S.K.: 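Got a structure for you, written out below as structure tokens; questions coming shortly.
Since the model is a prediction, treat every value here as computed from it, not as a measurement.
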Amino acid sequence: MNKNHASAEGAARSGGVKRLVGTAILTALVIVLQLLGSMIRIGTYPLSLVLVPIVIGAAVYGAGTGAFLGFVFSAVVAVATITGADQGAFIMWTANPVMTLVVIFAKGTLAGWISGLVYRAISRRSVYGGVLVSAAICPIVNTGIFCLAMLTFFREILAQWAGGSDLVTYTLLSLAGINFLLEFGVNILLGPVIVRILKAVRLA
């Protein structure tokens, strides 16, 4: 009985260490990919890979880890916003700093958290299906919250940017537009890679 108890404790500690190390690696990836995001481009559009490690963390370690990685992603975005490195977000910051931070942290954190919940629900029937849906949900939540916030809390700024265009159309086609499609496409295309990572982690 004591041997079994010791064995269970050892396995729990080993699992905890693996989780800690894995989360640390994914956290570093989130930071690096977000910082380098503007340098990786398809034509004139930045190719964002930052949501991929968030999806991986949410699938491997659960919704809580997904939320944490989304929070880290948001923190990097917040620094770029406050310092003016992200000029569009800086305009929002000068207009309403509190709401800007609320939106930044809400969209990233919820994207990771909801992605984890979706994966857990669907992966019981199909791991591949869980990965694909959670990978799709992550950019949808991230961009969707941003668009809703712009239409609700930053309508005056949005009207200036739209230059007389319909605000909803401008938000969906111009403000989100290509960037969202790239994030969505990258996540879906890398779905099989995420599945392989999940299998490798479970066999380790």
Side-chain angles (χ1 to χ4, degrees), residues 29-55 58 66-115 117-118 132-191:
L29 276 174
V30 167
I31 294 172
V32 170
L33 289 175
Q34 180 58 26
L35 291 175
L36 296 179
S38 60
M39 302 179 187
I40 307 173
R41 293 179 174 271
I42 295 179
T44 58
Y45 296 99
L47 179 61
S48 178
L49 300 174
V50 69
L51 296 182
V52 175
I54 295 175
V55 173
F68 170 75
L69 294 172
F71 181 88
V72 172
F73 158 54
S74 298
V76 179
V77 173
V79 171
T81 298
I82 295 170
T83 60
D86 187 330
Q87 295 181 357
F90 183 72
I91 294 174
M92 296 167 59
W93 167 259
T94 56
N96 191 335
V98 173
M99 186 53 63
T100 298
L101 290 180
V102 169
V103 172
I104 289 173
F105 281 97
K107 70 186 187 69
T109 304
L110 287 175
W113 182 60
I114 294 174
S115 180
L117 292 179
V118 168
L132 284 182
V133 177
S134 62
I137 284 293
C138 197
I140 289 174
V141 173
N142 183 56
T143 303
I145 290 176
F146 172 71
C147 290
L148 287 174
M150 290 301 301
L151 288 167
T152 305
F153 303 109
F154 298 95
R155 203 171 182 86
E156 292 184 6
I157 293 175
L158 188 60
Q160 294 176 7
W161 288 349
S165 302
D166 178 73
L167 296 187
V168 175
T169 301
Y170 175 81
T171 301
L172 295 178
L173 297 182
S174 300
L175 202 57
I178 300 298
N179 286 333
F180 165 73
L181 293 176
L182 286 175
E183 286 183 352
F184 186 87
V186 165
N187 274 27
I188 294 299
L189 289 175
L190 291 181

S.K.: What's the separation between atom CG in Leu29 and atom CG in Leu69, rounded to the nearest 0.5 Å?
M.R.: 9.5 Å
S.K.: Quick one: does any side-chain atom of Ser165 pair with a main-chain N or O of Ala162 as donor and acceptor, under 3.5 Å?
M.R.: yes
S.K.: Backbone N or O of Met92 within a donor-acceptor pair of the Thr100 side chain at under 3.5 Å?
M.R.: yes
S.K.: Might you point out which heavy atoms bring Val118 and Val133 nearest each other, and give the distance in Å?
M.R.: CG1-CG1, 3.4 Å
S.K.: Say you draw a straight line from OG1 of Thr81 to CD1 of Ile104; how long is it, rounded to the nearest 0.5 Å?
M.R.: 3.5 Å
S.K.: List for me each residue that meets side chain to side chain donor-acceptor pair (under 3.5 Å) alongside Thr169, sequence neighbours excluded, and say none if there are none.
M.R.: Asp166
S.K.: Find the distance between CG (Asn96) and CD1 (Ile91) and round it off to the nearest 0.5 Å.
M.R.: 14.0 Å
S.K.: List the steps and the verdict of side-chain contact (heavy atoms from CB on, under 4.5 Å) for Phe73 and Ile31.
M.R.: CA-CA 7 Å; Phe73 158 54; Ile31 294 172; over 6 Å; no
S.K.: Which atom names give the shortest non-hydrogen contact between Cys147 and Ala176, and what distance separates them?
M.R.: SG-CB, 3.8 Å
S.K.: Which atom pair, heavy atoms only, marks the closest approach of Ala149 to Val103?
M.R.: CB-CG2, 3.5 Å
S.K.: Which atom pair, heavy atoms only, marks the closest approach of Ala135 to Asn187?
M.R.: O-ND2, 2.9 Å
S.K.: With rounding to the nearest 0.5 angstrom, report the CD1 to CG distance, Ile145 to Leu110.
M.R.: 4.5 Å
S.K.: Checking Ser115 against Ile54 for the side-chain contact (heavy atoms from CB on, under 4.5 Å) test, could you report, in this order, the C-alpha distance in whole Å, the side-chain angles of both residues, the deciding distance, and whether it holds?
M.R.: CA-CA 9 Å; Ser115 180; Ile54 295 175; 5.7 Å; no
S.K.: Only counting residues at least two apart or in another chain, list the ones meeting ring-ring contact (aromatic ring centres under 6.0 Å, His included) with Phe68.
M.R.: none
S.K.: Which heavy atom of Ala136 sits nearest a heavy atom of Ile188, and at what distance?
M.R.: CB-CD1, 3.8 Å
S.K.: Between CG of Leu151 and CG of Leu167, what distance do you get to the nearest 0.5 Å?
M.R.: 6.5 Å
S.K.: Just to verify, what does Phe105 make a ring-ring contact (aromatic ring centres under 6.0 Å, His included) with, not counting sequence neighbours?
M.R.: Phe71
S.K.: Please name the pair of heavy atoms, one in Leu132 and one in Gly191, separated by the smallest distance, quoted to 0.1 Å.
M.R.: CD2-CA, 4.3 Å
S.K.: Of Val32, Leu35, Leu33, Val50, which meets side chain to side chain contact (heavy atoms under 4.5 Å, CB included) against Val76?
M.R.: Leu35
S.K.: My understanding is that only one of Ile140, Val141, Asn142 makes a side chain to side chain contact (heavy atoms under 4.5 Å, CB included) with Ile114; could you say which?
M.R.: Val141
S.K.: Walk me through it: do Leu172 and Phe180 pass the test side-chain contact (heavy atoms from CB on, under 4.5 Å)?
M.R.: CA-CA 9 Å; Leu172 295 178; Phe180 165 73; over 6 Å; no
